[in-house]
> 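Here you go, one structure.
Because the structure is predicted, anything quoted here is derived from the model rather than measured.
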Amino acid sequence: MTTDVRTVADPTAIDTTRILLSQIGITATDLLTTPAVPTFGQTIPKLRATLTPGTLRTYNTHLNWLETTWHNHPLDQISKADLDHRAHTIQTTSSAKPGARNGTSAREHFISTVRCLYRYAEDNNWIHPTRNPARHLAIPTRPPSQRQAIPSPQLTEICHVTSLTGNDPELDTLILRLHIETACRRNGALRLRPCDLDPHQCLILLREKEGIDRWQPVSPTLMRHLLRHAEQRGSPPQGQLLRYRNTKPITARRYDHLWARIGEHLPWVATQHITTHWLRHTTLTWSNAPSATPPPAHTQATTPEKPTAPPPPTSKPTSTKSPQHYPPSPKNPTH
């Protein structure tokens with residue numbers, strides 16, 4: 001018959017252990033209890049409340065999937081392999097879509113989403129960094145952009161089709177003109193307000209991504225059409241400028257329908273997946289090339305009731321007043 005004999009702990013070892021535990025921030029209670037790690041269903045709604053509208057638009061598709069699929073799973077029960085598998089599935093599915101560029105962008109957005117989620121959990125001490133599987137996910141390398149400057153003859157075709165088709169050619173040609181002249185992004189145009197127009201100095205205030213605001217010179221022709229559009233369609237001074245005939249503000253869907261319609265009439269537009277951002281790239285190429293010649297004036301979009309050619313997009317404000325009370329405007333639009 002054997003008897004278990006309990007060894008009495010060395011008091012010196014106990015004191016040493018206590019000192020060591022206090023130095024690394026661990027108490028005896030921590031050794032006896034394991035804090036509960038929140039689930040995806042508990043964490044994601046709190047994360048959404050902290051995101052900016054733009055970031056939420058980018059991440060929300062993936063957040064919805066995580067919240068639905070792994071709703072009751074604690075954050076530390078998901079492995080890197082699980083996240084890699086989901087990222088691969090997203091990339092494979094997205095690569096079949098037109099203009100997806102092998103699904104790299106979709107995979108990047110998913111990885112950025114889960115990194116943001118786990119970083120939020122770390123910041124709130126809900127998960128230890130060593131239990132964060134998103135830390136080891138690699139952001140895929142972006143392939144070279146296939147976007148290029150649109151040659152003047154092709155740009156003329158785009159403007160011509162836009163002015164003759166659709167249920168609101170006046171709106172669509174104004175949209176193209178705005179982007180060709182200013183190289184603004186889509187959100188910059190959607191956020192433009194009547195109060196952002198300075199007709200005396202031919203300047204408009206563009207509010208684009210990352211909180212960057214810039215005063216951009218425009219031609220008198222574009223300024224005149226923007227003012228008339230705001231007046232005829234009832235755009236409030238602090239509200240969105242670009243609106244439908246029924247006075248409702250346009251959304252990003254207007255751009256989608258516009259390019260889909262242009263692609264139906266110009267197959268090469270659909271084949272190359274040309275979008276509004278190509279107009280930005282075209283204008284920046286024209287303005288930054290050392291010996292570039294401004295494109296012919298007939299490449300500019302004009303309103304149906306006035307088909308005469310407006311000035312090229314590189315034209316300067318003609319007002320003699322000096323815009324001293326405004327922040328200095330860059331010579332060329334910023335990238």
> Using only atom types and a distance under 3.5 Å, with no angle test, would you say the side chain of Asp196 pairs donor to acceptor with the backbone of Arg193?
yes

> Is the count of non-hydrogen atoms from other residues, nucleotides or ligands lying under 6.0 Å from Arg131 atom CZ greater than 12?
no

> Is there a side-chain contact between Gln77 and Trp70, using heavy atoms and a 4.5 Å cut-off?
no

> Quick one: ring pair (Phe, Tyr, Trp, His ring centres under 6.0 Å) partners of Trp259, sequence neighbours excluded?
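For Trp259 there are no ring pair (Phe, Tyr, Trp, His ring centres under 6.0 Å) partners, ignoring immediate neighbours.
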
> For Tyr118, give me all partners under ring pair (Phe, Tyr, Trp, His ring centres under 6.0 Å), at least two apart in sequence or on another chain.
none

> Using side chain to side chain donor-acceptor pair (under 3.5 Å) as the criterion, list what pairs up with Thr55, not counting sequence neighbours.
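Checked Thr55 against side chain to side chain donor-acceptor pair (under 3.5 Å); matches are Thr52.
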
> Going from CZ on Arg115 to CD1 on Ile139, what distance comes out if it is rounded to the nearest 0.5 angstrom?
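Output value for this atom pair is 4.5 Å.
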
> Counting C-beta onward and ignoring hydrogens, is there a side-chain heavy-atom pair between Pro153 and Thr156 closer than 4.5 Å?
no

> Tell me the closest heavy-atom pair linking Arg245 and Pro169, and the distance in Å.
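Nearest pair, atom of Arg245 first, then Pro169: NH2-CD, 4.4 Å.
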
> Using the side chain to side chain contact (heavy atoms under 4.5 Å, CB included) definition, which of the options Leu226, Val218, Leu203 pairs with Leu197?
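Among the candidates, only Leu226 passes.
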
> How many angstroms lie between atom OG1 of Thr162 and atom CD1 of Ile262, to the nearest 0.5 angstrom?
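Between atom OG1 of Thr162 and atom CD1 of Ile262 there are 3.5 Å.
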
> Quick one: which residue pairs count as a ring-ring contact (aromatic ring centres under 6.0 Å, His included) with a foot in residues 227-258, not counting sequence neighbours?
His179-Tyr255

> Less than 4.5 Å apart, any side-chain heavy atom of Phe110 and any of Tyr59?
no

> Over all heavy atoms of both residues, which pair between Arg243 and Ser235 is shortest? Give the atoms and the distance, please.
CD-OG, 3.3 Å

> Grab the two heavy atoms, one from Thr43 and one from Pro38, that are nearest each other, plus how far apart they are.
OG1-CB, 3.6 Å

> Is there side-chain contact between Leu171 and Ile250, with at least one heavy-atom pair below 4.5 Å?
yes

> When rounded to the nearest 0.5 angstrom, what is the spacing between CG in Leu192 and OG1 in Thr182?
8.5 Å

> Could you tell me the separation between the CD atom of Glu208 and the CG atom of Leu190, rounded to the nearest 0.5 Å?
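If I round to the nearest 0.5 Å, the distance is 11.0 Å.
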
> Test of understanding: with ring pair (Phe, Tyr, Trp, His ring centres under 6.0 Å), list the residues that count as partners of His160, not counting sequence neighbours.
none

> So, Asn124 side chain and Ala121 main chain: donor-acceptor pair closer than 3.5 Å or not?
no

> Holding to side chain to side chain donor-acceptor pair (under 3.5 Å), I want the full list of residues that pass it with Arg261, two or more places apart in sequence or in another chain.
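For Arg261 the side chain to side chain donor-acceptor pair (under 3.5 Å) partners, ignoring immediate neighbours, are Thr165, Asp172.
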
> Return the minimal non-hydrogen interatomic distance between Trp278 and His273, and the atom names on each side.
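Trp278 and His273 have their closest heavy atoms at NE1-O, 3.7 Å.
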
> Is there side-chain contact between Arg186 and Arg191, with at least one heavy-atom pair below 4.5 Å?
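No - every pair of side-chain heavy atoms lies 4.5 Å or more apart.
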
> Taking atom CD of Gln42 and atom CG of Leu75, what is their separation to the nearest 0.5 Å?
8.5 Å

> Using side-chain heavy atoms (C-beta onward) and a distance below 4.5 Å, is His62 in contact with Ile90?
yes

> If you round to the nearest 0.5 Å, how far is CD of Gln240 from OG1 of Thr247?
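One finds 11.5 Å between OG1 of Thr247 and CD of Gln240.
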
> Quick check: does any side chain N or O of Thr283 sit under 3.5 Å from a backbone N or O of Leu279, one acting as donor and the other as acceptor?
yes

